[in-house]
Amino acid sequence: MLYLVATPIGNLEDISLRAIRVLQEADIIACEDTRHARTLFERHGIRPRRLVSYHSHNERSRAAELAEDLRTGASVALVTDAGTPGISDPAWAIVKEAIGLDIEVVPIPGACAAIAALSGSGMDTTRFAFEGFLPLKKGRRTRLAEIANEERTVVLYESPHRIKRLLEELIGVCGPHREASLAREITKLHEEFVRGPLLDVLTRLDERFPESVKGECVLVLSGRRDRDVADENE
Ligand code: SAM
């Protein structure tokens with residue numbers, strides 16, 4: 001059995017009772033960052049039977065090793081750095097291996113930065129598109145153009161030192177008035193939502209962080225409306 005265990009994205013209390021039990025009982029816990037995971041385990045009294053690392057630099061080889069463990073009947077619990085495994089992180093390789101071997105894959109739901117950002121955004125959440133991280137170079141312009149035309153609410157992950165550049169690019173393709181909500185440091189001490197038209201969000205970030213923005217960020221962008229078309233034609 002492969003368990004995909006969601007872990008907190010900041011506040012260590014954001015973990016389910018089931019997740020704690022599964023982590024306690026698993027034969028093997030595979031985690032992206034063993035030091036990071038140990039902090040969580042200590043907080044909840046979890047004593048891993050066996051802890052192995054699983055990250056973007058060893059995902060293929062480690063996925064094959066873990067697949068062998070799964071095939072011989074071991075239960076493996078996978079935790080990524082934070083949040084839900086498989087959402088913009090290296091979990092896919094082991095999930096694919098397990099499915100290929102006909103091994104049961106059991107998600108243990110919990111925190112996810114995209115969903116928390118969306119839920120506090122005030123945007124239309126009946127339909128949304130998750131864009132994750134945009135490519136840094138190849139294909140970036142095409143993706144930005146697609147986002148500008150997207151009618152659904154769009155959710156983007158971005159690193160703090162690139163978030164202002166992303167806002168500038170979005171202003172370039174969507175215009176300054178498109179509504180956005182930037183969720184920063186969700187569930188942490190300095191959690192905040194900066195909501196408003198793209199240009200206002202950028203201006204407020206510039207005032208507060210003249211250099212690089214601090215903390216982890218999720219940007220939620222409202223979908224294209226007729227008004228944006230009018231703005232672009234002004
Ligand atoms: N699997 C994770 C999830 O379920 O959200 C996402 C992993 S991805 C590698 C990391 C990105 O998630 C960060 O760059 C940031 O965009 C977002 N993120 C994670 N924790 C966050 C937090 N506490 N506040 C805001 N954004 C966060």
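Counting starts at 1 for both ligands and their atoms, following the listed order.
By the 3.5 Å distance cut-off applied to N or O atoms, Thr84 is counted among the residues near ligand 1. Of the polar atoms of Ser159, none of the N or O atoms is found under 3.5 Å from an N or O of ligand 1, judged by distance alone. At least one N or O atom of Ile9 sits closer than 3.5 Å to an N or O atom of ligand 1. Taking only nitrogen or oxygen atoms, main chain and side chain alike, Ala114 does not reach within less than 3.5 Å of ligand 1.
The pair Glu13-Arg43 meets the salt-bridge criterion, with a side-chain N (NZ, NE, NH1 or NH2) lying under 4.0 Å from an Asp/Glu carboxylate O. For the pair Arg165 and Glu158, the salt-bridge criterion is not met [side-chain N within less than 4.0 Å of a carboxylate O]. Here Glu151 does not pair with Arg224 in a salt bridge; the nearest charged N to carboxylate O distance is not below 4.0 Å. Taking the charged nitrogens against the carboxylate oxygens, Arg21 and Glu25 do have a contact shorter than 4.0 Å, which makes a salt bridge.
Of the protein's non-hydrogen atoms, Ala113 CB, 3.4 Å is the one closest to atom 18 (N) of ligand 1. If you check which protein heavy atom lies closest to atom 6 (C) of ligand 1, you get Ile87 O, 3.4 Å. The protein heavy atom nearest to atom 16 (O) of ligand 1 is Cys217 O, 2.6 Å. For atom 13 (C) of ligand 1, the nearest non-hydrogen atom of the protein is Glu216 OE2, 3.6 Å. In this structure, atom 10 (C) of ligand 1 lies nearest to the protein heavy atom Phe133 CZ, 4.1 Å. Atom 26 (N) of ligand 1 has Val218 CG2, 3.4 Å as its closest protein atom, hydrogens excluded (heavy atom only).
Partners of Phe193 according to the ring-ring contact (aromatic ring centres under 6.0 Å, His included) rule, which considers only residues two or more places apart in sequence or in another chain, do not exist here. Phe209 is linked by a ring-ring contact (aromatic ring centres under 6.0 Å, His included) to nothing, counting only residues two or more places apart in sequence or in another chain.
Taking the side chain as every heavy atom from C-beta outward, Arg49 and Ile28 never approach each other to under 4.5 Å. Inter-residue side-chain proximity for Arg208 and Glu192 is flagged as met; some heavy-atom pair is nearer than 4.5 Å. Looking at heavy atoms from C-beta onward, Ile20 lies out of side-chain contact with Arg18 at the 4.5 angstrom threshold.
Listed by number with element, the atoms of ligand 1 under 4.0 Å from a non-hydrogen atom of Gly83 are 3 (C), 4 (O). Within the listing of ligand 1, atoms 1 (N), 2 (C), 3 (C) sit less than 4.0 angstrom from a heavy atom of Ala82. Distances below 4.0 Å separate heavy atoms of Lys188 from the following atoms of ligand 1: 23 (N). Each of the following atoms of ligand 1 lies closer than 4.0 Å to a heavy atom of Glu158: 16 (O). Counting atoms of ligand 1 from 1 in the listed order, those under 4.0 Å from a heavy atom of Cys112 are 4 (O), 5 (O). Residue Ser88 has at least one heavy-atom neighbour below 4.0 Å for each of these atoms of ligand 1: 7 (C), 8 (S), 9 (C).
Using a non-hydrogen distance threshold of 4.0 Å, Gly10 does not register as a contact of ligand 1. Look at Asp89 and you'll find a heavy atom under 4.0 Å from some atom of ligand 1.
Between the side chains of Thr187 and Asn11, no donor-acceptor pair is found at a separation under 3.5 Å.
The heavy atom nearest to atom 22 (C) of ligand 1, out of those in Leu182, Val155, Ile186, is found in Ile186.
Between the CD1 atom of Ile186 and the CG atom of Asp14 there is a distance of 10.5 Å, given to the nearest 0.5 Å.
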Would you please test Ile163 and Leu166 for side chain to side chain contact (heavy atoms under 4.5 Å, CB included) and show each step?
CA-CA 5 Å; Ile163 191 73; Leu166 175 62; 4.2 Å; yes

